[in-house]
Number of protein chains: 2
Amino acid sequence: MSMEYRYKHPHPAVTTDIVVFTISDGALKLLLIKRGQEPYKGTWALPGGFLEPNEDLSQCAQRELQEETRLQNIYLEQLYTFGNPERDPRERVVSVAYYALVPIMDNLPVAGSDATAVSWYPMDKLPPLAFDHVEIVNLAQKRLLSKLNYTSIAFQLLPETFTLSEVQTVYEIVRNEKLDKRNFRKQITKLGLLEDTGELRRNGSHRPARLYRAVCRNKVQLID
Amino acid sequence: MSMEYRYKHPHPAVTTDIVVFTISDGALKLLLIKRGQEPYKGTWALPGGFLEPNEDLSQCAQRELQEETRLQNIYLEQLYTFGNPERDPRERVVSVAYYALVPIMDNLPVAGSDATAVSWYPMDKLPPLAFDHVEIVNLAQKRLLSKLNYTSIAFQLLPETFTLSEVQTVYEIVRNEKLDKRNFRKQITKLGLLEDTGELRRNGSHRPARLYRAVCRNKVQLID
């Protein structure tokens, strides 16, 4: 390409940043890494990094997440692209944000690459974040809340099989409000997204709870 | 910034592309420009262009739309960012797509800047499009269709005041299906997004039709 063409169109750097939510200990939690390099060295931030020449945006997000936290094969959805000219002190950086919901994991993620630590933080106790990552996280939370009402997104936060109580807990935690058990069960059943596994889970002296699985985890389904 | 840093992170070009829909003559229509420059010179494409150093992404979209079609002060929403490494023959170009819905306009848009012509094309009669713009348009149409069901997005396609028949026509055209008048009126009224203006519109020998306005054009409202 000609020098004139390149001069006319200065190129910003492009990155991806990844918002990963989970639910554990009754709280909505966010995956954060501690930055090992300037700028914001030592500050908590979303996993993410620069786009490589031959990868698509979603591949970049998968790779960065894997390098920095060892999480892989996560279903990522594009959230929004942030392009404020002042958002990075180094130079102009346009960042394509992705988000994901994952079930509670037995193992903690492991820090790698530019990250010196990795941790799940409860959303109501977030540390100060680098760059405009607070803005990105806020938008992701808003999206999650709104998608909860008309998609099957909540099931991404649950294990393969689950009880209706567990589904209700997810809704209660994300919405931050108590829900009426009878009403909730009626509404969630009406959506037609649940399949009875025929199995029961025993839990001490309680009545055994029926186990369900999601018919389709990523399908968008409108509430009539 | 150091040469090493820039070498490690080759920078793609960044553009915005804008999908503008309207409804006229009973059809959903798309705003297209004819490209005045290579690549794809003479081919129809979405309005759009390169990000300037000091503008935000949405400013870029507004500016390009204005330069190429004279449309301005349109409410644009970010749609999705397209980053396939092969999507532009010149070099790597990451494009942030925006979309908008506008009411039927009395005046045709006017071509300017890199555009040699501008036109509204019915969605079922689109010409071949440059780059991956078919993909962008398809996603925008899908988003529009899905938002129709749980937001007040449809009112963006209508003038300031409108009849319930006109609202129904918008839904019928976007969904591409006939709707039952009684059911539709019941559902749309239930949403609480309409305000009776108290005015009537006379139309020949028909019974005068009540005129409404949207309570809030851009508000996202869930259908209970």
Side-chain angles (χ1 to χ4, degrees), chain A residues 1-2 5-16 37-39 49-61 77-98 132 139 142-143 145-151 187 190 220-224, chain B residues 1-2 5-16 37-39 49-61 77-98 114 132 139 142-143 145-151 187 220-224:
Chain A
M1 99 204 62
S2 71
Y5 167 83
R6 199 167 250 285
Y7 175 75
K8 269 173 72 185
H9 309 296
H11 290 22
V14 172
T15 58
T16 60
Q37 291 186 10
E38 294 293 352
F50 291 95
L51 181 67
E52 297 284 347
N54 294 313
E55 68 188 355
D56 203 341
L57 296 164
S58 60
Q59 286 168 342
C60 174
E77 206 165 310
Q78 207 186 88
L79 175 68
Y80 196 80
T81 298
F82 293 78
N84 186 311
E86 314 294 333
R87 60 179 297 284
D88 194 304
R90 286 169 291 192
E91 62 162 331
R92 177 109 200 232
V93 178
V94 170
S95 188
V96 185
Y98 282 79
D132 56 354
L139 186 68
K142 217 173 122 188
R143 184 76 61 92
L145 197 55
S146 115
K147 283 216 156 186
L148 205 66
N149 289 323
Y150 62 93
T151 75
Q187 288 207 358
K190 210 174 63 176
V220 170
Q221 171 89 27
L222 296 176
I223 295 187
D224 54 340
Chain B
M1 97 206 63
S2 71
Y5 167 83
R6 198 167 251 283
Y7 175 76
K8 268 173 71 187
H9 310 295
H11 290 22
V14 172
T15 58
T16 60
Q37 291 186 11
E38 294 294 351
F50 291 95
L51 182 66
E52 297 284 348
N54 294 313
E55 67 188 357
D56 204 341
L57 295 164
S58 61
Q59 287 168 341
C60 173
E77 207 165 309
Q78 206 186 88
L79 174 68
Y80 196 81
T81 298
F82 294 80
N84 186 310
E86 314 294 334
R87 59 179 298 285
D88 194 304
R90 285 168 292 191
E91 62 163 329
R92 176 110 200 230
V93 178
V94 170
S95 189
V96 185
Y98 282 79
D114 298 344
D132 56 354
L139 186 68
K142 215 173 123 189
R143 184 76 60 91
L145 198 54
S146 113
K147 283 215 154 184
L148 204 66
N149 290 323
Y150 63 92
T151 75
Q187 288 206 0
V220 170
Q221 171 88 29
L222 296 176
I223 295 187
D224 54 337

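Computed from heavy atoms alone, side chains included, the values below leave out hydrogens, waters and symmetry copies. Lettering follows sequence order; numbering is per chain, from 1.
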Original post:
Residues in side-chain hydrogen bond (donor to acceptor under 3.5 Å, both in side chains) with B/Thr81, at least two apart?
Top reply: A/Thr81
Subject >> Over all atoms of both residues, closest heavy-atom pair of B/Pro53 and A/Pro85 >> reply: O-CB, 4.0 Å
**OP:** Return the minimal non-hydrogen interatomic distance between B/Asp56 and A/Asn84, and the atom names on each side.
**Re:**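 Scanning both residues completely, I find the closest heavy atoms to be OD1-N, 3.5 Å.
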**OP:** Sequence neighbours left out, what passes salt bridge (charged side-chain N to carboxylate O under 4.0 Å, His left out) with B/Arg92? Give chain and number order.
**Re:** none
Subject >> A/Glu55 versus chain B, the contacting section by heavy-atom distance below 4.5 Å >> reply: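 For A/Glu55, backbone heavy atoms alone lie under 4.5 Å from chain B.
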Original post:
Does any non-hydrogen side-chain atom of A/Val94 lie less than 4.5 Å from one of B/Val94?
Top reply: no
**OP:** Drop me the distance from A/Tyr80's OH to B/Leu79's CG, to the nearest 0.5 angstrom.
**Re:** 11.5 Å
